[in-house]
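First the structure, in the form of structure tokens, and then the observations on it.
Just so you know, ligand 1 is whichever comes first in the structure, and atom 1 is the first atom listed for that ligand. Worth saying up front: this structure is predicted, and the values here are computed from it rather than measured.
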Amino acid sequence: MLHMRPIERLMKSLPAGADAALVISGHNRRYLTGFPSSAGLVLATRETALFLTDFRYIEAARRTVRGMECVEYASLRETLSSLAERLCLRCVLTEDEGMTVAEYRRFSEMLPGVELRGGVLDGLLGGLRLIKSPEELANIKQAQALTEYGFDHILPYIRPGRTEREIALELEFLIRKQGAEGVAFDFIVVSGANSSLPHGVPGDKAVEKGDFVTMDFGARVDGWHSDMTRTVAVGSCSPEQRWVYDTVLEAQRAALSVLRAGLRCVDGDAAARSVIEAAGYGGCFGHATGHGVGVEIHEEPRLSPRSGEEVLQAGSVVTVEPGIYLPGRFGVRIEDMASITEDGCENLTKSPKELLIL
Ligand code: ZN
Ligand code: ZN
């Protein structure tokens, strides 16, 4: 099915009993249309795919969106209800995760007599998004290339006296100036004792000699994300810091070495976790080993102890990001992105990960 556009795959996947899918969340809309907008919706039956949007977007949408008819609305209520009549809609699938209660009420009022059915569409779209087409993978690789450009160029900037906030801003500037549509998420730049905070927010703390600096960052290209983390040392590194760093690196390589289609996600997680536990840091790695990346920065599949019987599929893109966090002291995380293949994985992250002492 990968030779088909996402919208065509969705139309072919509509389950019996459902007449159409109504997609309103920003990331799923963008996935289906390839078009960024703050307003609009996708309505897809088995035969017809429509992108409804307003005056602000319609000209650009008609130029960009392929495989769908673009419809301009002045009154969404009038446009939708006449479409529902023309397309004989009785049961329409809606997103649970991408639709607020207020939006659900609004659409219910706009479509009297139509059953809006949740519970199916999120899984359907998630299943399509799980496997990246060659074009989608190319966008993710491009986002990762910009991210690595940022990493290469931020290293000379990091020195005692620079604050976490300055480093985060400079990194963002480098990546956006190089051509990213935007950043993938608010960057994490944490130093010294703050580096034990897995999702710490960059602040006014200045980098000091002997600090670890952990940077978690990424770019967005055509709606597709990249995600990478590196921890570097500034000026010097204690034997304990090096031991922890090397343990995380060994755990990260262990997980990368087992990834392949058919592997249970829990086993991908365990490959990294067992190295960290064996080194005596079992209680210091409190998050999952990895997550899928695509039109959302965190999506399926998850390399987690809680992933049940789920197995990896060829074409998925996952991060591998074990860490060790010693509260009040320091932390280390190393994160690459890998594309799953039938017999292994392709590591999409080319930046070095041996410990750098700046
Ligand atoms: Zn990350
Ligand atoms: Zn991540």
Checklist entry - Quick check: does His298 put an N/O/S atom under 2.8 Å from the Zn ion (ligand 2)? => result no

Next on the checklist: Applying side-chain hydrogen bond (donor to acceptor under 3.5 Å, both in side chains) to His291 and Glu321, what does each step give before you reach the verdict?
Outcome noted: CA-CA 9 Å; His291 56 85; Glu321 50 179 309; 2.8 Å; yes

Would you tabulate the side-chain donor-acceptor contacts of residues 38-46 under 3.5 Å, counting partners in other chains and residues two or more places apart, or write 'none'?
{"from": "Ser38", "atom 1": "OG", "to": "Tyr57", "atom 2": "OH", "distance (Å)": "2.7"}
{"from": "Thr45", "atom 1": "OG1", "to": "Glu47", "atom 2": "N", "distance (Å)": "3.2"}
{"from": "Thr45", "atom 1": "OG1", "to": "Thr48", "atom 2": "N", "distance (Å)": "2.9"}
{"from": "Thr45", "atom 1": "OG1", "to": "Thr48", "atom 2": "O", "distance (Å)": "3.4"}
{"from": "Arg46", "atom 1": "NH1", "to": "Ala18", "atom 2": "O", "distance (Å)": "3.0"}
{"from": "Arg46", "atom 1": "NH2", "to": "Pro15", "atom 2": "O", "distance (Å)": "2.9"}
{"from": "Arg46", "atom 1": "NH2", "to": "Ala18", "atom 2": "O", "distance (Å)": "2.9"}

Item to check | Heavy atoms from other residues, nucleotides or ligands near NZ of Lys350 exceed 12 (cutoff 6.0 Å) | outcome: yes

Checklist entry - Val221: what forms a side chain to side chain contact (heavy atoms under 4.5 Å, CB included) with it, not counting sequence neighbours? => result Asn139, Gln142, Ala143, Leu146

Next on the checklist: Any salt bridge linking Arg242 with Glu240? Criterion: basic side-chain nitrogen under 4.0 Å from a carboxylate oxygen.
Outcome noted: no

Check: residues 114-132 side-chain donor-acceptor pairs under 3.5 Å, at least two apart:
{"from": "Glu115", "atom 1": "OE1", "to": "Arg117", "atom 2": "NH2", "distance (Å)": "3.4"}
{"from": "Glu115", "atom 1": "OE2", "to": "Arg117", "atom 2": "NE", "distance (Å)": "3.2"}
{"from": "Asp122", "atom 1": "OD1", "to": "Glu97", "atom 2": "N", "distance (Å)": "3.2"}
{"from": "Asp122", "atom 1": "OD2", "to": "Asp96", "atom 2": "N", "distance (Å)": "2.6"}
{"from": "Arg129", "atom 1": "NH1", "to": "Asn28", "atom 2": "OD1", "distance (Å)": "2.7"}
{"from": "Arg129", "atom 1": "NH2", "to": "Glu296", "atom 2": "OE1", "distance (Å)": "2.9"}
{"from": "Arg129", "atom 1": "NH2", "to": "Glu299", "atom 2": "OE1", "distance (Å)": "2.8"}
{"from": "Lys132", "atom 1": "NZ", "to": "Arg129", "atom 2": "O", "distance (Å)": "2.9"}
{"from": "Lys132", "atom 1": "NZ", "to": "Val293", "atom 2": "O", "distance (Å)": "3.2"}
{"from": "Lys132", "atom 1": "NZ", "to": "Glu299", "atom 2": "OE2", "distance (Å)": "2.8"}

Checklist entry - What is the number of protein N/O/S atoms located under 2.8 Å from the Zn ion (ligand 1)? => result 4

